[in-house]
Number of protein chains: 2
Amino acid sequence: MEIQSNSGNFREHLAQQGLRVTNQRLAIFGAALDSEDHFTAEDLLERVHKIDHTISRATVYRTLPILTESNLVREVDIGKDYKFYYTPRGEEPTQAQVICTDCEKIFEMDAPFLEWYGQSVAKKLGLAVDSQRLQVSASCENLKREGSCENCTTEQLVQSL
Amino acid sequence: MEIQSNSGNFREHLAQQGLRVTNQRLAIFGAALDSEDHFTAEDLLERVHKIDHTISRATVYRTLPILTESNLVREVDIGKDYKFYYTPRGEEPTQAQVICTDCEKIFEMDAPFLEWYGQSVAKKLGLAVDSQRLQVSASCENLKREGSCENCTTEQLVQSL
DNA sequence: GTGCTTGCAAAGACTTTGCAAACTT
DNA sequence: AAGTTTGCAAAGTCTTTGCAAGCAC
């Protein structure tokens, strides 16, 4: 799998926005790139500390908006007190999340026909769709039947419908 | 429009759950019933205070889960720091929300075919759908063109696709 | 009377911010 | 050198909780 969102890309984004390239920002982006799954700000801080333990929580919180606004990292709100993030790896953006209520894992999914919904809505209300997300909450059937859940131990970041 | 979720209904729910009928709970439910639109916990407190200004914030926060678990009030998370609530009025539950980024208004919508999505997902991941929501973020075309937004001043709680 | 509820204020959880020192350009 | 960025700790925002007094059953 090709990693498109490399550090060079990040440097460009910083330049574009008139921001400075600091070791902290590079380390934080590096840690985000290194995360295979969804992570919280706190998860990210922990991972960042393995690179440089002097980097502060504040800087992580200040850097995350830069990353999300650059689309190098995506923000996912599943209704918890804290937000989740993940680093997309060259795929098209996904439109749906499935949250397993058993293992709390978040699956990013493609939902190819989803846009139709938003557009139907837009017409009726005179609104123009900016973005839309489908959020599915689900529980593990395997876990119920056999007491174990394969998904919980497998990396399945993106699936298509 | 028939109001089905009346106070008698609430008393029953309280009894069912082994909870006591207090003036505070009745006032809070009354205030929720009185709210035509989406409201926050703080909005609700304000409205409750018009009925009885001695009712505390804590009681409002403690009563909201009772109301949502009874399905007398529904909770909506649109990714802000605080949650929104609304009192459904006899309609079927909606499956989608459209949030106008201009007026911040939330429109509850029916999305009849939405369940298909969740079920497709469920099959692939071996998960059983518990619930699903479509969240559309949209901006007002009228506002852009003419500088005013009809929706912002109109009550349109539920629309069907 | 028993024990659930309430109001108050304090605590909690996550995130943001003011400020002086440090760093990028 | 000029102005951004950082770390620290404090503040902020929304929500929850411990406790003694009050109320429903």
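In what follows, chains carry the letters A, B, and so on, assigned in the order in which the sequence lines appear, proteins first and then strands, with residues in each chain numbered from 1. Quick caveat, the model's predicted, so the values are computed rather than measured.
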May I have the distance from B:Leu64 (atom CG) to C:dT6 (atom C1'), rounded to whole angstrom? 16 Å
How about A:Leu64 and A:Ile66: do any of their side-chain heavy atoms sit closer than 4.5 Å? no
Donor-acceptor check, side chain of B:Thr40 to backbone of B:Phe84, threshold 3.5 angstrom: yes or no? no
Is A:Phe39 reachable from A:Leu26 through a run of I, L, V, M, F, W or Y residues, each pair having side-chain heavy atoms under 4.5 Å apart? yes
For C:dT6, take OP1 and OP2 only and decide whether either is under 4.0 Å from a side-chain N or O of B:Arg25. yes
For a quick check under 3.5 Å, do B:His13 and B:Glu69 share a side-chain donor-acceptor pair by atom type? no
Hey, does A:Thr40 reach any base, or is it just sugar-phosphate, or nothing, if we go heavy atoms under 4.0 Å? nothing
Just how large is the angle between the end axes of the helix from C:dG1-D:dC25 to C:dT25-D:dA1, five pairs per end, to 10 degrees? 30°
Answer with yes or no whether the side chains of A:Arg74 and A:Thr68 bring together a donor and an acceptor at under 3.5 Å. no
5' priority, DNA chain C, between B:Arg20 and B:Thr59 [closest heavy atom]: B:Arg20
Under the side-chain contact (heavy atoms from CB on, under 4.5 Å) criterion, do A:Leu114 and A:Gln95 qualify, and how do the steps go? CA-CA 7 Å; A:Leu114 195 62; A:Gln95 303 85 31; 3.7 Å; yes
When the distance from OH of B:Tyr61 to C1' of C:dT5 is rounded to whole Å, what number comes out? 19 Å
Using a heavy-atom cut-off of 4.0 Å to chain A, what are the terminal contacting nucleotides of DNA chain D, in 5' to 3' order? D:dG3 to D:dC8
5' priority, DNA chain D, between B:Ala41 and B:Thr22 [closest heavy atom]: B:Ala41
Which residue lies toward the 5' end of DNA chain D, B:Pro65 or B:Gln24, if each is placed at its nearest nucleotide? B:Pro65
With a 4.0 Å cut-off on heavy atoms, is B:Arg62 in touch with a base, just the backbone sugar-phosphate, or nothing at all? base
N or O in side chain of B:Ser56 less than 4.0 angstrom from C:dT6 OP1/OP2: no
Rounded distance (Å) that lies between atom C1' of C:dT5 and atom CD1 of B:Ile55: 12 Å
Would you mind checking if A:Arg57 and A:Glu46 are paired as a salt bridge, meaning a charged N to carboxylate O distance below 4.0 Å? no
Please list residues of residues 74-85 of chain A whose heavy atoms come under 4.0 Å from any atom in DNA chain C, ordered by number; otherwise none. A:Asp81, A:Tyr82, A:Lys83
Under a plain distance cut-off of 3.5 Å, with no hydrogens placed, do B:Glu42 and B:Tyr82 share a side-chain donor-acceptor pair? no
Could you tell me which non-hydrogen atom of B:Ala32 sits nearest to which non-hydrogen atom of B:Val73, and how far apart they are? CB-CG2, 4.0 Å
Contact summary for B:Val48 and B:Ala31, nearest pair of heavy atoms: CG2-CB, 3.6 Å
Quick check: on DNA chain C, is the nucleotide nearest A:Leu19 upstream (toward 5') of the one nearest B:Val60, or the reverse? Name the residue that is more 5'. B:Val60
Answer with yes or no whether the side chains of A:Ser70 and A:Glu12 bring together a donor and an acceptor at under 3.5 Å. no
